[in-house]
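Input: a single structure, listed below in structure tokens.
All values below come from the heavy atoms of this structure, side chains included, with hydrogens, waters and symmetry mates left out.
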Amino acid sequence: MTLRKTLLRGLLPVSAVLLAVVAAGLLLGAGDVGPARAASVLLGGADGDADARFTVLELRLPRTAVAVAVGAALGVAGAVLQATARNPLAEPGLLGVSAGASFAVVLAIVLGASATTVGPYAAVLGAAVGCLLALGAARLRGAGDDPVRLVLAGAAFSGMVGAASSVLLLVDQRASDEIRFWTVGSVVGRGTDDLMAVLPVLLLGLAAAAAVSPALSSLALGDDVATGLGHRPRRVRAVAVTSVALLVGGATAVAGPVAFVGLVVPFAARALVGPDLRRLLGVSVLLGPAVVLLADVVSRLVVRPYEMPLGVMTALFGAPVLVAVVRSSRLPSL
């Protein structure tokens with residue numbers, strides 16, 4: 001089956017699911033504005049309903065856009081990180097990449113920086129450090145061949161930076177409310193300005209991932225083979241790490257740490273279109289938003305009139321996938 005046919009087979013159903021979830025994100029919520037009133041706003045027939053217009057256009061629409069951007073970034077970052085580490089459990093949340101980005105933002109806030117202006121750059125730097133540590137762990141003896149060891153190394157790093165974030169929260173009570181947002185992922189209250197602040201970072205990360213995908217696929221055959229094909233393995237890995245840092249850093253800067261998306265999305269995409277990285281990225285860029293939006297919609301409805309944090313919901317979605325991958329007799333081929 002050709003690449004185009006395989007992509008179409010994966011993209012068409014994923015696109016339909018994404019459109020359905022986007023509609024649900026605009027129509028459903030924890031408040032009093034139900035689907036009928038929301039649909040009236042979207043169809044232009046609720047001019048006299050100021051409450052519904054504000055809820056849909058000022059709250060749900062920007063929130064949905066943020067969730068789409070975050071999902072695309074984390075889905076693609078997970079696929080690139082797995083290909084770089086040659087490990088199906090290499091996920092930004094599990095390996096501490098998201099935790100590193102979150103801690104960098106927390107530290108910037110404590111030092112008096114603005115989360116809106118400085119946060120994206122701090123998050124990218126923290127994600128880069130976390131990514132380098134994760135890939136360093138993958139190259140240690142036995143760690144790269146044992147997915148569980150790699151996850152344990154990531155869990156240790158995540159626990160360390162999580163404890164450091166807690167210490168900063170205790171030290172600086174002034175920023176404690178804002179810091180709490182960066183310890184549990186959420187898209188509540190995120191608006192267009194927040195998205196525009198990180199959009200250049202996310203677009204640059206997606207462009208880098210697309211550019212490096214052919215060369216990164218060749219690394220699965222070994223460095224010698226990749227070199228023989230005209231690629232430079234060190235440069236390819238450097239671009240891949242940069243891509244992951246930009247994507248995870250930008251997503252964390254706008255939504256906090258959202259775990260398991262980078263595991264669930266490539267796992268499902270691989271089942272749809274196979275292990276080729278170009279196909280994975282094409283499907284992941286749509287499947288990621290669908291997963292994050294679905295988790296966000298469910299988080300609004302399960303404890304109404306309150307909302308469950310998005311990071312908690314994605315963990316509930318992703319934990320069974322993690323168990324399935326670990327327990328499988330044959331890990332998915334990369």
Taking atom CZ of R234 as the centre, does the number of heavy atoms from other residues, nucleotides or ligands within less than 6.0 Å exceed 12? no
Once you round to the nearest 0.5 Å, how far does OG of S15 lie from CG of L286? 4.5 Å
All heavy atoms of R300 vs all of L28, minimum pair found to be NH1-O, 2.6 Å
List the atom of G96, the atom of S158, and the distance in Å for their closest heavy-atom pair. CA-OG, 3.1 Å
Consider only side-chain heavy atoms of I, L, V, M, F, W and Y, link residues closer than 4.5 Å, and tell whether V254 and M196 are in one cluster. no
Under 4.5 Å between any side-chain heavy atoms of V265 and L74, yes or no? no
Linking I/L/V/M/F/W/Y whenever their side-chain heavy atoms sit closer than 4.5 Å, directly or via other members, would L59 and L42 fall into one cluster? no
Going by heavy atoms in the side chains, are L280 and R270 under 4.5 Å from each other? yes
Are more than 12 heavy atoms, taken from residues, nucleotides or ligands other than M160, located less than 6.0 Å from that residue's CE atom? yes
Using the rule that two of Ile, Leu, Val, Met, Phe, Trp, Tyr join whenever any of their side-chain heavy atoms come within less than 4.5 Å, decide whether V244 and L277 are in one cluster. yes
Any donor-acceptor pair under 3.5 Å from T314 side chain to A259 backbone: yes
Hey, is the main chain of F260 close enough, under 3.5 Å, to the side chain of E91 for a donor-acceptor pair? yes
Kindly compute the distance separating CG (L204) from OG1 (T242), expressed to the nearest 0.5 Å. 9.0 Å
Heavy-atom closest pair, residues V188 and R63: CG2-NH2, 3.6 Å
Nearest-0.5 Å distance, CG of residue L263 to CZ of residue F317: 14.0 Å
Please answer whether the main-chain N or O of D51 pairs with a side-chain N or O of T55 as donor and acceptor at a distance below 3.5 Å. yes
Between S299 (side chain) and D296 (backbone), is there a donor-acceptor pair under 3.5 Å? yes
Determine, using the 4.5 Å side-chain heavy-atom cutoff (strictly less than), whether L125 and I109 are members of one ILVMFWY cluster. no
Got a donor-acceptor contact below 3.5 angstrom from the R190 side chain to the A65 backbone? no
Using atom types as modelled and distance alone, determine if a side-chain donor or acceptor of Q82 lies under 3.5 Å from a backbone N or O of P88. yes
Measure the CG-CG distance between L206 and L246 for me, rounded to the nearest 0.5 Å. 9.5 Å
Under the 3.5 angstrom rule, does the side chain of R60 hit a backbone N or O of L26 as a donor-acceptor pair? yes
For the hydrophobic clusters of this structure (ILVMFWY residues joined by side-chain heavy atoms under 4.5 Å, transitively), does one cluster hold both V21 and V298? yes
Is there a side-chain contact between T192 and L61 (heavy atoms, below 4.5 Å)? no
Nearest non-hydrogen partners of V283 and A269, listed with the distance: CG1-CB, 3.8 Å
Gap separating the OG1 atom of T64 from the CG atom of L293, nearest 0.5 angstrom: 5.5 Å
In terms of heavy-atom contacts, P92 and G78 come closest through CD-CA, 4.0 Å
As an exercise, state the distance from CG of L247 to OG1 of T252, rounded to the nearest 0.5 Å. 10.5 Å
Among V80, L81, V97, L132, side-chain contact (heavy atoms from CB on, under 4.5 Å) partner for V241: L132
Shortest non-hydrogen contact from G205 to S243? O-OG, 3.0 Å
